[in-house]
Amino acid sequence: MAARPDTLHDLVEKAGHILVFTGAGVSAESGIATFRDALTGLWANNDPQQLATPEGFIADPARVWGWYQWRRQQLLSREPNAAHRAIAALAQRVPKVTVVTQNVDDLHERAGSDAVIHLHGSLLTTRCFDCEKPAQVPVDEVPLDGAAITPPSCGHCGGMLRPGVVWFGEALPEDAWQRAVAAAQSADLVLVVGTSGLVYPAAQIPQLAWEGGATVVHVNTEPVPVAAEREHSLVGPAGEVLAELLG
Ligand code: BJW
């Protein structure tokens, strides 16, 4: 449904609790690849089944570990963009803002958002594939290109270390999921920023909020089909659209 921008501005100004639900598109303007872009996405030249499943890790741990170490290294050189900053600044004006992200980067936190809920884990954490104890692994300073690197061994049980992210077929962290559901149930406005909405159960969050009476505003470079009342699509890069909407 189309809405006049001043109507949406009013919704932001009057909201008591805004839920910001983000995906890879919010970090695209920081130079971090999205997943499903046909040309530049992380899956364009990679099979998700081989890189983002426990089975893929077992089949070729060095390939998967090397890919994630390359992404960790890349993240360290990236900075939050205007979208992350606009979202962080929102907390100064609205009684309550909850940021729920599917992203495994830390750009919301570096922009100043507090208590960000990460549904798909973090690139910056590592744990044992077998005993699940956390471990600290520095990022190599030597430039990595995604080449295979044997994962380090767990100091407790000798198992292989793995990235602290959620792969396909794995459960989301229960506490993060419960907090995201609770936020969806109490928000009166949801900004859905830069996600294809294809991956479940995360994609249920905006729907749950809508069912609870919230207005849902999609911000995406592609138009998002909106069938319902209280649902709007704003088209454009997240940095620009959010600066306009929230500025
Ligand atoms: C811009 C922009 C700009 C670009 N500005 N916009 C129900 C039905 C069918 C299947 C399932 C189902 N329920 C579960 C499943 C299975 C599966 C699933 O959803 N599969 C689908 C592919 C069909 N889900 C799971 O397996 C989940 N686990 C689970 O269900 O467990 C059950 C269980 C319970 C109990 C015990 C055991 C199991 C886990 C899902 C984990 C997802 N993990 C990944 C990888 C994380 C690690 C890593 O980074 O490598 O998470 S996959 C990947 O997709 C990543 C993302 O967080 C996620 C979502 O992607 P996102 O963020 O939407 O990115 P894109 O690229 O898709 O979209 C970017 C968007 O931005 C686009 O729309 C652009 O247009 C836009 N954009 N530039 C604004 N500048």
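Order of listing sets the numbers, starting from 1, for every ligand and every atom in it.
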As an exercise, identify every atom of ligand 1 less than 4.0 angstrom from a heavy atom of [X].
X	result
Val199	19 (O), 40 (C), 42 (C), 54 (O), 58 (C), 59 (C)
Glu222	75 (O)
Tyr68	47 (C), 48 (C), 50 (O)
Arg71	48 (C), 49 (O), 50 (O)
Thr195	61 (P), 63 (O), 70 (C), 71 (O), 73 (O)
Gly23	62 (O)

Is it true that [Y] and [X] share a donor-acceptor pair across their side chains at a distance under 3.5 Å?
X	Y	answer
Gln69	Arg72	yes
Ser27	His108	no
His84	Glu79	no
Thr34	Asp37	no

Note the single closest protein heavy atom to [atom], along with its residue, its atom name and the distance in Å.
atom	value
atom 5 (N) of ligand 1	Ala238 N, 2.9 Å
atom 54 (O) of ligand 1	Arg36 NH1, 3.1 Å
atom 3 (C) of ligand 1	Gly25 O, 3.3 Å
atom 4 (C) of ligand 1	Thr221 OG1, 3.6 Å
atom 45 (C) of ligand 1	Val166 O, 3.8 Å
atom 64 (O) of ligand 1	Ala24 CB, 3.5 Å
atom 76 (C) of ligand 1	Asn220 OD1, 3.3 Å

Can you tell which of [options] gets a heavy atom nearest to [atom]?
atom	options	answer
atom 35 (C) of ligand 1	Ala171, Ala203, Ala202	Ala171
atom 57 (O) of ligand 1	His120, His118, His218	His120
atom 29 (C) of ligand 1	Glu170, Glu240, Gln204	Glu170
atom 26 (O) of ligand 1	Gly121, Gly169, Gly194	Gly169
atom 56 (C) of ligand 1	Phe21, Tyr200, Phe35	Phe35

Separation of [Y] [atom2] from [X] [atom1] (nearest 0.5 Å):
X	Y	atom1	atom2	answer
Leu42	Leu51	CG	CG	9.0 Å
Phe21	Leu119	CZ	CG	6.0 Å
His9	Lys14	NE2	NZ	13.0 Å
Leu172	His120	CG	NE2	4.5 Å
Asp106	Ser113	CG	OG	11.5 Å
His232	Thr7	NE2	OG1	8.0 Å

Can you hop from [X] to [Y] via hydrophobic side chains spaced under 4.5 Å?
X	Y	value
Leu8	Val12	yes
Val199	Tyr68	yes
Leu11	Val20	yes
Val104	Phe168	yes
Leu124	Ile117	no

Quick check: does [X] get an N/O under 3.5 Å from an N/O on ligand 1?
X	result
Ser196	yes
Asn103	no
Phe168	no
Leu172	no
Pro201	no

Check: Sub-3.5 Å donor-acceptor pair from the side chain of Asp188 to the main-chain atoms of Gly213, do we have one?
Finding: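 Looks like no, no N/O pair under 3.5 Å.
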Considering only heavy atoms, does [X] approach ligand 1 within less than 4.0 Å through its side chain, its backbone, both, or neither?
X	result
Val165	side chain
Trp167	backbone
Leu198	backbone
Glu29	side chain
Val104	side chain

Next item on the list: With sequence neighbours excluded, tell me which residues meet salt bridge (Lys or Arg N to Asp or Glu O under 4.0 Å) with Glu170.
Entry: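 By the salt bridge (Lys or Arg N to Asp or Glu O under 4.0 Å) rule, Glu170 matches Arg162.
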Notebook entry, point to check: So is Gly41 in contact with ligand 1, going by heavy-atom distances below 4.0 Å?
Noted result: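 Outside the 4.0 Å threshold, so no.
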Notebook entry, point to check: Measuring from the heavy atoms of Ala52, does anything fall under 4.0 Å of ligand 1?
Noted result: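 No, that is not the case, since the closest heavy atom of the residue is not under 4.0 Å from the ligand.
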Do you see a protein non-hydrogen atom under 4.0 Å from [atom]?
atom	result
atom 16 (C) of ligand 1	no
atom 9 (C) of ligand 1	no
atom 59 (C) of ligand 1	yes

Item checked: Nearest atoms (heavy-atom pairs only) where Ser30 meets Asn81 ->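 That would be OG-ND2, 3.1 Å.
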Next item on the list: Identify whether NZ of Lys or CZ of Arg in Arg63 sits under 6.0 Å from the centre of the six-membered ring of Trp67 and within 45° of that ring's axis.
Entry: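 Not flagged: Arg63 not positioned over aromatic ring of Trp67.
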